[in-house]
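Remember, predicted model here, so these are calculated numbers, not experimental data.
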Amino acid sequence: VVVVVVVHFVFQKKEEKKKRREKQPYNTQTHSLSHTHTHTVMWRVAASAVGTSSGSLRLLSPAAGGLFRCGTRALPVAARRTLGTTTSQCSSDSPGKHRPELIDVRHRTAITNHLWKTRNTTPPAESERRPHGIITKTLDDSRVEVRLRFTENKALLEEYLTVAGTVRVGKLLEDLDALAGAIAYKHCDDGDHRTAPLTIVTASVDRITLLSKLHPDRDYRLSGHVSWVGNSSMEISITMDSPKCRTFEHLDDNAIDDANAFDSMMTCVLTMVARDPLTSKAQKINRLEPRSPAEKQTIASGERRTRERRERAAQALRLAPPLPDERLLLHDLYLQTLQAKQEPQTKKVVFMKDAQLHSARVCQPIERNIHGKMFGGFLLREAFELAWANCVEIAGFHPMFLALDDNTFLAPVEIGSILKLHSKVVFCPGHPSPVVQVAVTADVMHPATHEQLTTNTFHFTFTCPNSTLPLVLPETYDEMMQHVEGRRRIIKGRKLAISQSAGLAEFYGPELTASPDK
């Protein structure tokens, strides 16, 4: 009798514990989902995605992100804590019929979540679908604005704080990419609900320039519009500013449209490309018509930047040899490297091979965009934060972001592939110069075929005005080419930044001369 009572008591306690888990699946102490509830959610999501019952699915990988099998089809499903309650429903067999339903995800910023939801439209039924029309639009037709009210919303501020108490630029880069996508979708919309939304992808980042130091005790505004259009590509210009009175709460309503009431903080130019959602071929987009001399100048500037991008691509060191003064620089670097190996130096020297950091991660479904590929803003954020850590390691000090130079997204990153990021300090002339140029290469490997390709190379410029930086020297010819390329970017970036804000001269330091010894 005693044994029966004990067994019954234990069984009853287990049942009560199971019911409590089902009622409260989220553990507030550990901030994680319980295993039982996690697998239950993954089973239901997988069943919903393939249109079958959960009983016909078999769990192949019991991890936080599971791999299920339904017949001969493997389906990856990620179970992560979200702020919404809806699940994604998409079919890889019919990408034109189903689009992923986006939900608020905790580790994405509130701004990115908001921008994605505004353009998450349901495509029309196949019987009602019409060809995409071409209409004429103005710059204001594509204008989008979002605000970061850090002074009022402490939870929002928490998302953007770094360990040093500064604004987390990686999160802002994510928001800039999401904002550019929202602007592009708005321009490409032909106003007919019977046409399917176009596929918009980030083709390149022309340049992101910081004009003033960012402080977390201020409010900020991100706004942008289409500034130039081609056949299927469009240039997006975005500015980040802040009220001179520091908060929107103290800003007069009549001053919202007054440029003199704001301090310019950052400028950004990106290029987006439109694709047909069914064929993935280039899709002609709406025309852009100026309505004033200022708008004509804006479009002309976009055309000029497009030509300059092509010229820079033709002058890249992988296609053309170094310039005459750069050849002298290479010889000076060679002599400096020999001297650094043979004689003690008066200042700290680090070889480029020792100024590197690497990271690798599996691309999970939770990071996908509305087209089922990896979100471009996620790649920008991951690359920036690795570059920032690399700069911290060299400087021993928290650096300040100055610019992101032009880079091209060469290929989409597939879900399930392995993303490898390689960060390297390619240019650091050392004290008294405070600038550091860091290049981050993004390689993607497909696990099934082991095929690896480079999708991006990001070029970040940082400054460490309060730190005595070491001299970073190349050893091989390849490293010397990277050094010369980084030096070119610093020279060009310094001129451009000072032309926009003279106060940036102190962050870039003295102008570089032909010889590194001078």
Side-chain angles (χ1 to χ4, degrees), residues 99-100 102 108-109 111-121 123 132-146 172-193 195-208 222-240 267-290 295 298-299 301-303 305-306 309 368-380 404 406-409 412 456:
R99 293 167 65 87
L102 297 177
R108 290 195 196 114
T109 69
I111 298 300
T112 298
N113 276 324
H114 168 72
L115 290 169
W116 279 20
K117 289 172 69 176
T118 58
R119 67 178 195 244
N120 183 29
T121 57
H132 198 277
I134 304 299
I135 61 177
T136 300
K137 289 196 170 185
T138 65
L139 274 69
D140 287 338
D141 289 336
S142 62
R143 193 175 299 276
V144 179
E145 175 185 312
V146 292
L172 291 177
L173 297 181
E174 182 179 335
D175 291 340
L176 289 173
D177 186 72
L179 179 59
I183 294 170
Y185 269 98
K186 196 172 181 181
H187 175 79
C188 294
D189 184 17
D190 61 356
D192 190 346
H193 68 278
T195 59
L198 299 181
T199 298
I200 305 293
V201 297
T202 306
S204 66
V205 177
D206 183 58
R207 184 172 175 85
I208 299 176
L222 300 173
S223 61
H225 56 79
V226 172
S227 54
W228 174 85
V229 297
N231 187 41
S232 61
S233 60
M234 68 204 94
E235 183 190 82
I236 312 295
S237 295
I238 300 175
T239 59
M240 179 179 180
T267 60
C268 173
V269 177
L270 301 93
T271 301
M272 314 296 285
V273 175
R275 304 288 183 189
D276 186 277
L278 298 178
T279 64
S280 295
K281 295 182 179 179
Q283 172 66 46
K284 189 174 179 61
I285 59 177
N286 294 329
R287 297 177 291 269
L288 186 64
E289 184 178 86
E295 291 186 354
T298 298
I299 296 176
S301 298
E303 293 177 352
R305 284 189 291 266
T306 302
R309 281 193 291 269
R368 70 187 182 276
N369 58 20
I370 64 175
H371 308 302
K373 309 294 184 181
M374 290 297 290
F375 173 39
F378 164 79
L379 298 178
L380 284 170
L404 168 61
D406 57 302
N407 72 87
T408 302
F409 290 78
N456 302 83

| Hey, mind stepping through M234 and S142 against side chain to side chain contact (heavy atoms under 4.5 Å, CB included) and telling me if it holds? | CA-CA 11 Å; M234 68 204 94; S142 62; over 6 Å; no

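- When every heavy atom of T306 is checked against every heavy atom of G302, the shortest pair comes out as OG1-O, 2.9 Å.
- Of all heavy-atom pairs spanning L198 and C188, the tightest one is CD1-CB, 4.0 Å.
- Atom-to-atom distance recorded for I183:CD1 and R143:CZ is 9.0 Å, nearest 0.5 angstrom.
- Here the side chain of D276 pairs no donor or acceptor atom with the backbone of K281 at under 3.5 angstrom.
- Rounding to the nearest 0.5 Å gives a distance of 9.5 Å between OG1 of T199 and CD of Q283.
- Heavy-atom minimum distance, I285 versus G230: CG1-O, 4.2 Å.
- A side chain to side chain contact (heavy atoms under 4.5 Å, CB included) with S237 is found for exactly one of V269, L270, V226, D206, namely V269.
- In this structure, the separation between CG on L379 and CG on N456 is 6.0 Å, given to the nearest 0.5 Å.
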| message | One pair to check against side chain to side chain contact (heavy atoms under 4.5 Å, CB included): I134 and R287. What are the steps and the verdict? | response | CA-CA 7 Å; I134 304 299; R287 297 177 291 269; 3.5 Å; yes

| message | Does W228 form a side chain to side chain contact (heavy atoms under 4.5 Å, CB included) with T298? I'd like the steps, not just the answer. | response | CA-CA 8 Å; W228 174 85; T298 298; over 6 Å; no

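- Taking all atoms of both residues into account, the shortest heavy-atom contact from A203 to V273 is CB-CG2, 3.4 Å.
- Judged purely by atom type and a 3.5 angstrom limit, D177 has no side-chain atom pairing as donor or acceptor with the backbone of E174.
- Between the CD1 atom of I299 and the OG atom of S227 there is a distance of 8.5 Å, given to the nearest 0.5 Å.
- Here the CE-SG distance, from M240 to C268, works out to 11.5 Å after rounding to the nearest 0.5 Å.
- Between M272 and T202, the closest side-chain pair of non-hydrogen atoms falls below 4.5 Å.
- K186 has no carboxylate O lying under 4.0 Å from a charged side-chain N of D189, or vice versa, which leaves the two without a salt bridge.
- We find the CD-CD distance between E303 and E235 to be 10.0 Å, quoted to the nearest 0.5 Å.
- Partner L176 forms a side chain to side chain contact (heavy atoms under 4.5 Å, CB included) with one of I236, L380, I208 and no other, that one being I208.
- Heavy atoms only, all atoms of each residue included: H187 and N286 are closest at O-ND2, 2.6 Å.
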